[in-house]
Amino acid sequence: MTKKQKKLLWRILAAGALLIAAACVPAEGVLRLALFLVPYGVVGWDVLRKAGRNILHGQVFDENFLMSVATLGALILGEYAEAVGVMLFYQVGELFQSAAVDRSRRSIAQLMDIRPDVAFVLRDGEPAEVDPDEVEVGEHIVVRPGEKIPLDGVVTEGASSLDTAALTGESVPRDVGPGDEVVSGCISRTGLLTIRVTKPFGESTVSKILELVENAAEKKAKTEGFITRFARVYTPAVVIAAVLLAIVPPLLYGGWADWVHRALIFLVISCPCALVISIPLSFFGGIGGASARGILVKGGNYFELLARADTVVFDKTGTLTEGRFALSSLHPADGVDREDLIACAALAESGSNHPIASSLREAWTCEADPARVTDVTEIPGQGVSVRIDGVPVLAGNEKLLAAAGIPCPENIREPGTVVHVARDGTYLGYAVIADAVKPSAAETVSALRQRGIRTVMLTGDSPAAGEAVAAALGLDEAHTRLLPADKVRQVERLLANRESDRALIYVGDGVNDAPVLSRADVGIAMGAMGSDAAIEAADIVLMDDDPKKLLTAMDISRRCLRIVRENIVFALGVKALFLLLGALGLAGLWAAVFADVGVAVLAILNACRMLRTKV
């Protein structure tokens, strides 16, 4: 608890003890009033002060005003114990509210721990401790085991295992070495790293994450905005109703004291704390809970849209697929060993930096010996010609082998890039290199379809590659060879055909996805590998590039809205019942305390469930 919360708790405990003592003393008249004024002053002085200050500033109708009028009126009517009890339990509700909000803020603050305090930049060969803002792009920084990476960059020396939990919500470490890109906010666990800085601190991943989270509360959901507007109209309306209840019936039937008492009860019951506090707290908790799972939501309004989604549109490369080439299949010719085929292909491509060459080398489990490869000739647009152990080897497309007079299969329909291999004039077979589908992509698409959500893929890739991925994942619809403008037109077509109360989600990661991310009802960017433009244009960022996190975000949004609806129905239902009972004289001040403070506490506790992100 904070110092302020502890102080309020001691005031509540002291006022409770003094209330019990005052109730036990057999006193009458002014002495009895004085005895009860002591605990009333201890627990309620700040409420009276706030009410008076707000009235002077023209802000009359709030919960402080309602509590002050109701309790002072009860004191005037001689309901001393009830007056102190109402103020006491109101402060209990305020303590619960403060603790709940602090708990939600702590869940956000845990994410803020990723902000680095210092950076050790290499200057004149020695690491100098500086503020991350002072490091220039191109400079080299040193990150020791246990330290946060302060800026985005590329590893130039060293190897380490990175803890990415603060960014992605996942505990699985990531191994990095020379040439690997790293992002700020991760923690180096095992090794010393030297990193060449590629972005200034203001544009680094950690800065953008903190900016997203800090600004998230500004974009309120429609429900949240409605509750705020509702409270502005509701509070003065119930005050007017209470005044009429205190004046009109006595003029007709007499009994001023009884009707004024009923009006005071009416005021206590009507306080809108349960709604005004619990609804924003639910959305705030949802944003914090999602952040803990590596899902950055830029505003509570996107929770409502996520929960109403009936169409999810995916980009292909980097979203549903890994975004990098890998060996898809291997087809040796008759009598040729698979290991012999992949070895020849990998050795032939051992001197090339092309992604296809890299994928062939990765597929071969053995270490390539450069000394075995000689006479390397790269033929642009066809492949390579080399000698392996003195024997001529060709690796490339149909044109390369046709030029050498070596027959090979034609019109292979398998999606991907085909690499034919021949040795000493003999055809050995071919390998297919393709962009691998992410392991969780099929599960994500299947789960979306089970929820009745339509799945669509838009890609600039070839029809063969795109249709193969769509068939493998079971997508409802796929469109290929699309430029950025074509993607926008496809999304506009889908938007025009959807029902008015439903939402369309677009998930992408590339620069060419930025326009369509902005056009969709909810744009979701892959954060770890996604481009800066895509992250800026998106409404939600998935920090670990796992499409399955989309399901988690949708679960959190539905849970958040369910809790919001529960609190609205519960609070309004209980208050309507007790307002009627209070007006009829069937509910006293203690019942009013439950209808106000009790309902608020229960609604706040219900809203705090959003801080638990188990979905």
Pairing of [X] and [Y] as salt bridge, 4.0 angstrom limit:
X      : Y      : value
Lys316 : Glu322 : no
Arg361 : Glu349 : no
Asp555 : Arg451 : yes
Asp521 : Arg502 : no
Asp486 : Arg489 : yes
Arg449 : Asp476 : yes

Hey, does [Y] have a side-chain heavy atom less than 4.5 Å from the side chain of [X]?
X      : Y      : value
Thr444 : Leu473 : no
Val469 : Val437 : yes
Arg559 : Ile556 : no
Arg493 : His479 : yes
Val313 : Leu504 : yes
Glu147 : Ser188 : no
Phe303 : Val297 : yes
Val491 : Leu458 : yes

Without swapping roles, check the side chain of Glu139 against the backbone of Glu136 for a donor-acceptor pair under 3.5 Å.
yes
Identify the residue among Ile149, Val154, Leu151 that makes a side-chain contact (heavy atoms from CB on, under 4.5 Å) with Val182.
Ile149
Does the side-chain contact (heavy atoms from CB on, under 4.5 Å) test come out yes or no for Leu475 and Val456, once each step is laid out?
CA-CA 6 Å; Leu475 295 165; Val456 180; over 6 Å; no
Just checking, any donor-acceptor pair under 3.5 angstrom between side chains of Thr198 and Asp152?
no
Can you tell me how the ring of Tyr430 sits relative to the ring of His331, calling it parallel under 30°, perpendicular over 60° and tilted otherwise?
parallel
